[in-house]
Amino acid sequence: MSNNYNKNEGWRGSLSTLFFSPFRMLTLQPAKEVMSDIIKLLPDHVANQIAAGEVIQRPASVVKELLENAIDAGSTDITLVIKEGGKTFIQVIDNGKGMSPSDARMCWERHATSKIAAAEDIYNVKTMGFRGEALASIASVAQVEMKTKREEDSVGTLILIEASEVKKQESFAGNTGTSFTIKNLFYNIPARRNFLKSNPVETRHIMDEFLRVALANPEIALSMYNNDADVYLLPKGDLQKRIQDIFGYKSPEQILPANEETSIINVHGFIGKPENAKKTRGEQYFFVNKRFIKDAYLNHAVTSCYENLMPKDQYPFYVLHIDIDPAQIDVNVHPTKTEIKFEDERSVYQIVRAVAKKAIGQHYHTPTYEPASEDTFLNLTRPDAPLTFASTPERRGSDPYTKNTFTKPAEKQDWQELFNVINKKGDVVGKQFAPQRNEELRQATLTPEVVTRQVMQVHQSLIISQIKSGILLIDQQAAHERVLYEKYLIALENNPVASQQKLFPKTILLQPADEQLLLEMMQEIRALGFDINEFGKHTFAVNGVPAELNHYNEQDLIIQLIEGYKNQSSTALNKKEKVARTLAKRAATKTGTSLNQEEMNMLIDELFACKEPNYAPDGKVCLTTLSLQQLFEILGKK
């Protein structure tokens, strides 16, 4: 190769000789056979199933697509029927304009749509379903029957499809409109079917989609049936009437109109009064051009207006519609179309915030007092003796939800002495969860061991105790959650908690979706000390609750339990663990609650009797230690 080198070409000449001499070419040719091509086009039914994984995630996805198609068809009356959480049966019937026989066949093809003809149309979309993948995706993973008829046609078209294969197409006599019946969703993909949740959970997701469509289109009559029972029967009307029909407890006096027209957007809808805010999310709805969206930025625009008007752990109600030029937004940034992109997001935020603030300012103001005359107070009759007030112990927190759940020690009375004698004779009531104070167990659980029981509370949040090597810090809320969580797990397994009976039963009204979840949890929460029975449509009677929750408002307590349960998204937890974790979080002593010495000692004992005292059920740290060396280093002391 050195002979082929020259100054002008460098090594190019030698490389050229290497690759283009006949001898070299023979030596470089591969001896093995040429491999065949490995890249191939997917069959249509496989491509549809893959697309279905993105478009059709669960039965609620099917309901959303079919309801939106019915709306785009100009329907004024839509009926939804489901069975077994939509897994085995979903039917959507509308009175829209229907389809011709050729359109009825074409709509099942991928990317077949009547809404878009050119690429620029994507940025001017005013309808819901425009991607053209929904029906093809549904047909690839279910058994589908469609009946459709136009008003000008004497007969309609019936089509049966299974796994993207058309089994039948024929004429039928029926009413104008379209009916879709979806059976056995994911029947041909067992793995996907196994990932579906329980029937009540899937039903709740379907109800969420139904309510979003109902609130976006109050001018359309909608009805929903679940397992042959009517859930919603919503007549056509205005938005205020629709809100009252769905949220029955939202009377006109509890919501405030919020309306404004600007050159950028028009806003109209209703927001809730501050005093009617809830401790749970779920009643916040934004619609942009009648499309439901999730937007944390706009949510902050509304909730920031309630600052100092309600507690931080509460959430206001609102249903707000935003009308905007479709060219100013991009609705194609998310597969489910629940997120959109605004061209001028900051201006939209400011306008929404101003509208909400104006609604609250106009309709919610502090009442003023004007005396009848200047000498009103001078004419009051004075009592013969001055009024005196008996001294009362300091109230420990004005919020009933932060009330201390530990039992306060009372002065020892004769009846208590008798109770102690009975216990010594073998009574074991409450023994299951009594604090275990023996030093041997504590030393086995805690390293390093506690050498003194002089404990103190810091900022009504932390408990500090001295140990041999330094100090022990305990998060009182996280620690109490761990204690209650393990207590409830034991109760759910084999030892139900006794119920604190109410003198008068309390009735609670739930939304249909929440009702389904409560029925799913019923066996578990009864084992935890709740005495609840069905008392009519969407109504339950609470006859008793666990003793440590007796101070809660029953309606708020049950709604918080349901909300906490639905937010437990971990698939690693079974139903009992989810219920126990949810109830422990609600019942635990909250940060900001003052504890006395005996209560702090009791909490420490019960914590170190737990199987896992170091962490709360949600993974938060319950305790930590600081050695003397660490403390000295903080203070700069050697």
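No experiment lies behind these values; they were computed from the predicted model shown. Here, residue 1 is the first one in the sequence, and each next residue gets the next number.
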Residues in side-chain hydrogen bond (donor to acceptor under 3.5 Å, both in side chains) with [X], at least two apart?
| X | value |
| --- | --- |
| Ser198 | Glu520 |
| Arg204 | none |
| Asn543 | none |
| Asn227 | none |

Checking [X] now: which residues fulfil ring pair (Phe, Tyr, Trp, His ring centres under 6.0 Å) with it, not counting sequence neighbours?
| X | result |
| --- | --- |
| Phe210 | Tyr232 |
| Tyr225 | none |
| Phe540 | none |
| Phe287 | Phe292, His321 |

Practice item. Taking side-chain contact (heavy atoms from CB on, under 4.5 Å) as the test, write out the residues that go with Tyr315, two or more places apart. Key: Arg281, Gln284
So [Y] and [X], do their side chains get closer than 4.5 Å, heavy atoms only?
| X | Y | value |
| --- | --- | --- |
| Asp514 | His538 | no |
| Glu534 | Leu519 | yes |
| Leu484 | Leu583 | no |
| Ile293 | Thr338 | no |
| Ile508 | Leu557 | no |
| Lys578 | Met521 | no |
| Val141 | Arg192 | no |
| Val63 | Met207 | no |

[X] side-chain N/O to [Y] backbone N/O, donor-acceptor pair under 3.5 Å:
| X | Y | answer |
| --- | --- | --- |
| His205 | Ala60 | no |
| Lys87 | Arg58 | no |
| Glu599 | Asn596 | yes |
| Asn226 | Ala229 | no |

Quick one: pull up [atom1] in [X] and [atom2] in [Y] and give me the separation to the nearest 0.5 Å.
| X | Y | atom1 | atom2 | answer |
| --- | --- | --- | --- | --- |
| Ile464 | Gln457 | CD1 | CD | 10.0 Å |
| Met600 | Ile604 | CE | CD1 | 8.0 Å |
| Asp618 | Tyr485 | CG | OH | 10.5 Å |
| Gln501 | Leu503 | CD | CG | 10.5 Å |
| Ile246 | Leu215 | CD1 | CG | 4.0 Å |
| Leu623 | Ser465 | CG | OG | 11.0 Å |

Exercise for review: Apply side-chain contact (heavy atoms from CB on, under 4.5 Å) to Lys637 and Leu631, showing your working.
Suggested key: CA-CA 8 Å; Lys637 182 177 180 181; Leu631 294 173; over 6 Å; no
How about [X]: does its [atom1] atom have over 12 heavy atoms from other parts shown lying under 6.0 Å from it?
| X | atom1 | result |
| --- | --- | --- |
| Tyr615 | OH | no |
| Phe195 | CZ | no |
| Gln630 | CD | yes |
| Gln629 | CD | no |

Exercise for review: Start with the C-alpha gap between Val579 and Ile525, add the side-chain angles, then the distance that decides, and say whether side-chain contact (heavy atoms from CB on, under 4.5 Å) holds.
Suggested key: CA-CA 7 Å; Val579 173; Ile525 65 174; 3.9 Å; yes
Practice item. Show the numbers, then the answer: is there a side-chain contact (heavy atoms from CB on, under 4.5 Å) between Ile206 and Met224? Key: CA-CA 10 Å; Ile206 291 174; Met224 176 179 175; 3.9 Å; yes
Indicate the atoms forming the closest heavy-atom contact of [X] with [Y], along with that distance.
| X | Y | result |
| --- | --- | --- |
| Val542 | Glu554 | CG1-CG, 4.0 Å |
| Ala616 | Ala478 | CB-O, 3.7 Å |
| Ala142 | Tyr187 | C-CE2, 3.6 Å |
| Glu524 | Leu492 | O-CD2, 3.2 Å |
| Ile56 | Phe186 | O-CZ, 3.5 Å |
| Gln476 | Lys590 | NE2-O, 3.3 Å |

Practice item. Would you check, one step at a time, whether the test ring-ring contact (aromatic ring centres under 6.0 Å, His included) holds for Phe247 with Phe317? Key: CA-CA 11 Å; Phe247 310 101; Phe317 167 89; 5.3 Å; yes
Exercise for review: State which residue, out of Thr203, Leu185, Asn199, fulfils the side-chain contact (heavy atoms from CB on, under 4.5 Å) condition with Pro59.
Suggested key: Leu185
Practice item. Might you work through the side-chain contact (heavy atoms from CB on, under 4.5 Å) test for Val455 and Ile474, ending with a clear yes or no? Key: CA-CA 11 Å; Val455 296; Ile474 297 177; over 6 Å; no
Review point. Which pairs count as salt bridge (charged side-chain N to carboxylate O under 4.0 Å, His left out) when at least one residue sits in residues 476-485, sequence neighbours excluded?
Key: Glu481-Lys585, Arg482-Glu486
Practice item. Please name all residues satisfying salt bridge (charged side-chain N to carboxylate O under 4.0 Å, His left out) with Asp295, sequence neighbours left out, ordered by chain then number. Key: none
Could you list the donor-acceptor pairs under 3.5 angstrom formed by side chains in residues 299-306, with sequence neighbours left out?
| residue | atom | partner | partner atom | Å |
| --- | --- | --- | --- | --- |
| Asn299 | OD1 | Tyr318 | OH | 2.6 |
| His300 | ND1 | Tyr349 | OH | 2.8 |
| Thr303 | OG1 | Asn299 | O | 3.0 |
| Ser304 | OG | His300 | O | 2.9 |
| Ser304 | OG | Ala301 | O | 3.2 |
| Ser304 | OG | Arg353 | NE | 3.1 |
| Tyr306 | OH | Gly272 | O | 2.6 |

Point to revise | N-O pairing of Glu283 and Lys278 below 4.0 Å | key: yes
